[in-house]
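Note sheet for the following structure.
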Amino acid sequence: PQTPAEFAMAVFRIVAALFLSAEAVEVQKSNVKISIFYEALCPACLYFFSHEMKDLVGRDSLLKAADLEFVPYGNAVTSGSTVTCQHGARECDLNMLHACAIKNLPVTETPAFVQCAMAEGVVGSKTPKQILDACKASNSEKIMACFGGGSSQEAISLHLEHGKRTAAAGQQYTPYMTLNGQHSKEAESDISQAICGALTGAKPEACATLPKVLLRSQTDSEATKLTKRNDAETLQRWKLPFPPRKPMAAVVVTPHSQIAEP
């Protein structure tokens with residue numbers, strides 16, 4: 001039988017081993033960071049989240065192997081403290097809803113939420129609460145408080161910060177991605193393959209089962225074409241100031257808040 005001292009030492013060794021193992025996992029995970037710059041009503045972004053991100057979310061071991069950053073701003077234009085979104089006021093509202101969710105959701109829930117919210121946001125005129133409910137968002141009260149009908153200072157500040165983050169990345173179209181701080185066309189073409197290629201050491205089993213040919217390369221659909229940045233066109237199309245509108249939190253959405261055709 002073990003003495004108390006021997007038992008204590010055995011427990012210490014087990015705890016130390018678990019700590020070192022967890023630390024090793026975090027080190028490997030930190031080696032792969034992919035930043036996704038997008039906007040809520042971009043057709044190519046919707047395609048990306050409905051196909052490539054949905055596939056990644058379904059591969060749990062691969063999803064956990066990377067640090068994903070979501071930046072909802074895209075091809076918007078900031079003038080002082082005013083943001084003009086490429087697809088109009090509703091896109092700005094949805095970008096801010098995403099930003100508040102990203103801030104308040106657990107990191108493990110964020111990819112699935114954004115993937116779901118992208119699809120729900122283009123369906124009719126769903127309210128923020130309806131989108132959060134449909135996507136089973138936890139911390140929904142905090143998210144709604146942050147959003148504040150699209151007019152809270154917190155939501156506006158998050159949108160402006162995402163604009164700065166987007167500009168710093170040199171984004172020129174959406175969806176636009178960087179891998180470890182560098183623009184990555186590989187991640188834009190196949191995010192799962194990009195993660196597998198960037199991982200060092202042992203790779204998740206999912207890497208061995210990925211399809212060799214990406215669906216996007218097999219289609220010439222308009223939905224897959226990147227949405228280019230054009231600041232002058234965006235500002236011209238949505239001349240400021242926007243006409244008065246009810247907050248997005250209202251059930252009845254004003255005509256201006258309807259989804260604009262790109």
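Excluded from the calculations below are hydrogen atoms, water molecules and symmetry mates; all remaining heavy atoms, backbone and side chain alike, are included.
- Under the side chain to side chain contact (heavy atoms under 4.5 Å, CB included) test applied with M96, the options I156, V83, L158 reduce to a single match, I156.
- Q171 and N75 are linked by a side-chain donor-acceptor pair at a separation below 3.5 angstrom, with hydrogens and angles left out of the test.
- Side-chain atoms of S79 do not come within 3.5 Å of backbone N or O of T82 as any donor-acceptor pair.
- Contact check for C92 versus H159: side-chain heavy atoms found under the 4.5 Å cut-off.
- Evaluated for a side-chain hydrogen bond (donor to acceptor under 3.5 Å, both in side chains) with E120, the options Q130, Q115, K126 yield exactly one hit, K126.
- Of the possible polar contacts, one joining the S151 side chain to the G148 backbone as a donor-acceptor pair under 3.5 Å is found.
- In this structure the side chain of P128 never reaches within 4.5 angstrom of the side chain of I143, judged on heavy atoms.
- The shortest non-hydrogen separation linking Q193 to E186 is O-OE2, 3.8 Å.
- Distance check, rounded to the nearest 0.5 Å: NZ of K136 to SG of C116 gives 7.5 Å.
- In this structure, the side chain of K203 engages the main chain of C196 through a donor-acceptor pair within 3.5 Å.
- Between the side chains of T178 and Q182, no donor-acceptor pair of N or O atoms lies under 3.5 Å.
- Using modelled atom types, one finds a donor on one side chain and an acceptor on the other under 3.5 Å when comparing E188 with H183.
- Counting heavy atoms from C-beta on, the side chains of F70 and F49 come closer than 4.5 Å.
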Step-by-step side-chain contact (heavy atoms from CB on, under 4.5 Å) determination, C207 to L62: CA-CA 7 Å; C207 290; L62 186 55; 3.9 Å; yes
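- A salt bridge links K103 with E154; the closest basic N to acidic carboxylate O contact falls under 4.0 Å.
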D133 vs K129, side-chain contact (heavy atoms from CB on, under 4.5 Å): CA-CA, chis, key distance, verdict: CA-CA 6 Å; D133 288 346; K129 185 65 167 61; 2.9 Å; yes
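- Here the rule is side-chain hydrogen bond (donor to acceptor under 3.5 Å, both in side chains) with Y73, and of N95, T78, T174, T166 only T78 fits it.
- Applying the disulfide bond (SG atoms under 2.5 Å apart) definition to pairs two or more places apart or across chains, none involves residues 158-189.
- Atoms CD and CD1, from E52 and I36 in turn, are 9.5 Å apart once rounded to the nearest 0.5 Å.
- Between S192 and D55, some side-chain heavy-atom pair lies under the 4.5 Å cut-off.
- Listed by chain and residue number, H98 satisfy the side-chain hydrogen bond (donor to acceptor under 3.5 Å, both in side chains) test with Y38 (two or more places apart in sequence, or in another chain).
- Nearest heavy atoms, S35 versus R165: OG-NH2, 3.4 Å.
- Between atom CG of residue L97 and atom CG of residue L132 there is a gap of 5.0 Å, rounded to the nearest 0.5 Å.
- In this structure, a donor-acceptor pair under 3.5 Å is absent between the side chains of S61 and E205.
- Contact check for M53 versus V114: no side-chain heavy atoms found under the 4.5 Å cut-off.
- In this structure, the side chains of M118 and Y47 stay at 4.5 Å or more apart for every pair of heavy atoms.
- In this structure, the side chains of P204 and L199 come closer than 4.5 Å at one or more pairs of heavy atoms.
- For K142, there are no side-chain hydrogen bond (donor to acceptor under 3.5 Å, both in side chains) partners two or more places apart in sequence or in a different chain.
- Rounding to the nearest 0.5 angstrom, the gap separating the CG atom in D67 from the CD1 atom in I195 is 10.0 Å.
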Worked check of side-chain contact (heavy atoms from CB on, under 4.5 Å) between K54 and F48: CA-CA 8 Å; K54 182 178 181 180; F48 166 77; over 6 Å; no
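- Under the 3.5 Å distance criterion, the side-chain polar atoms of E91 are matched with a main-chain donor or acceptor of L41.
- A155 and F147 make their closest contact through CB-O, 3.8 Å (heavy atoms, listed as atom of the first residue, atom of the second, distance).
- Between the CD atom of Q153 and the OG atom of S81 there is a distance of 8.0 Å, given to the nearest 0.5 Å.
- Between Y176 and Y173, the two ring planes are perpendicular [angle over 60°; tilted spans 30° to 60°].
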Stepwise side-chain contact (heavy atoms from CB on, under 4.5 Å) check, T110 with L68: CA-CA 9 Å; T110 304; L68 300 182; over 6 Å; no
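- Using a 4.5 Å heavy-atom threshold, the side chains of V122 and L46 count as touching.
- Put simply, the side chain of N180 gets close to the backbone of K33: a donor and an acceptor are under 3.5 Å apart.
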